[in-house]
Amino acid sequence: MRHGKKVNHLGRKTAHRKAMLANMACSLIEHKRINTTVAKAKALKQFVEPLVTKSKEDTTHNRRIVFSKLRNKYAVAELFRDVAAKVGDRPGGYTRIIKLGNRLGDNADMAMIELVDYNELYNAGKPAKKKSTRRGRSKKASAPAAPAPEATNSEEE
């Protein structure tokens, strides 16, 4: 049984896995897209998305938390300065995984993982979406329509 086992170990010990994910996250932040295997891309997505969420609020505490995971001050600076500004209004889903097929040498499933807001090909065709909320609006909040002007009859005069 595999109850409660959410971590894909990727065939590595804990320290090696954490170092590999930190390096891949730094490369993703720096280059905005990287090619890797599907399993590593899915593990990286779980690793990097909470860090991007932390970067939306630029506090010393959040910078220290992100630095403890990434261990690269240049990647942290890039994340908090450029990436956070671009994804500030997005509620989640900062990365996209696109499957590329199989690798020639060992037939491994390959994928490209990228930051969503940095791909101009996908974003070019779509018009800017109007921001909407999921909350209902009360009847009182909407402005009442102006009363229609009464028509004047020229025949009555």
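What you see is a predicted model, and the numbers here were worked out from it, not measured in a lab. The first residue in the sequence is number 1, and the count goes up from there.
- Leu10 and Ala43 make their closest contact through CD1-CB, 4.0 Å (heavy atoms, listed as atom of the first residue, atom of the second, distance).
- Side-chain contact between Met110 and Val38 is absent, with no heavy atoms from C-beta onward closer than 4.5 Å.
- Placement of Leu21 and Ile65 in two distinct hydrophobic clusters is found when ILVMFWY residues are connected by side-chain heavy-atom separations under 4.5 Å, directly or transitively.
- Within a 6.0 Å radius of NZ in Lys56, other residues, nucleotides and ligands contribute more than 12 heavy atoms.
- Looking only at side-chain heavy atoms (C-beta outward), Met112 and Ile97 stay at 4.5 Å or farther from each other.
- In this structure, CD1 on Ile34 lies 10.0 Å from SG on Cys26, to the nearest 0.5 angstrom.
- Remark: Ile98 CD1 to Asn119 CG distance equals 6.5 Å, nearest 0.5 Å.
- Distance check: Arg64 CZ to Thr59 OG1 gives 10.0 Å after rounding to the nearest 0.5 Å.
- Scanning all heavy atoms of the two residues, the minimum distance from Phe80 to Arg63 falls at CB-NH2, 3.4 Å.
- Relative to the six-membered ring of Tyr118, Arg33 misses at least one condition, a distance below 6.0 Å or an angle of at most 45° to the axis.
- Here the closest heavy-atom approach between residue Met24 and residue Thr36 is recorded as CE-OG1, 3.6 Å.
- Counting only heavy atoms from C-beta outward, the side chains of Phe47 and Leu70 approach each other to under 4.5 Å.
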Next on the checklist: Under the criterion side-chain contact (heavy atoms from CB on, under 4.5 Å), I'd like the reasoning laid out for Lys18 against Lys69: C-alpha separation, chi angles, the key distance, then a yes or no.
Outcome noted: CA-CA 8 Å; Lys18 286 182 180 177; Lys69 302 283 188 195; over 6 Å; no
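- Side chain of Asn62 to backbone of Glu57: a donor-acceptor contact under 3.5 angstrom is found.
- At least one side-chain heavy atom of Thr37 sits under 4.5 Å from a side-chain heavy atom of Arg103.
- By the 4.0 Å N-to-carboxylate-O rule, Asp109 lies too far from Lys99 to be salt-bridged with it.
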Checklist entry - Taking it one step at a time, do Val48 and Tyr94 satisfy side-chain contact (heavy atoms from CB on, under 4.5 Å)? => result CA-CA 9 Å; Val48 81; Tyr94 310 110; over 6 Å; no
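- The minimum heavy-atom distance between Ala19 and Arg71, with the atom names listed, is CA-NH2, 3.3 Å.
- Scanning all heavy atoms of the two residues, the minimum distance from Ser55 to Leu79 falls at CB-CG, 3.7 Å.
- Separating the CG atom in Leu115 from the CG atom in Asp82 is a distance of 11.0 Å, to the nearest 0.5 Å.
- Note that the NZ atom of Lys40 and the CG atom of Asn35 stand 12.0 Å from one another [nearest 0.5 Å].
- When all heavy atoms of Glu49 and Lys45 are compared, the pair lying nearest together is CG-O, 3.0 Å.
- The distance from the CG atom of Asp58 to the OG1 atom of Thr60 is 7.5 Å, given to the nearest 0.5 Å.
- Here the options are Lys86, Lys32, Arg96, Arg90, the test is side-chain hydrogen bond (donor to acceptor under 3.5 Å, both in side chains), and the partner is Asp117; only Arg90 passes.
- Under the 3.5 Å distance criterion, with hydrogens and angles disregarded, no donor-acceptor pair is assigned to the side chains of Thr95 and Glu114.
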Next on the checklist: His9 vs Arg17, test: side-chain contact (heavy atoms from CB on, under 4.5 Å). Steps then yes/no.
Outcome noted: CA-CA 7 Å; His9 295 290; Arg17 187 173 58 250; 3.3 Å; yes
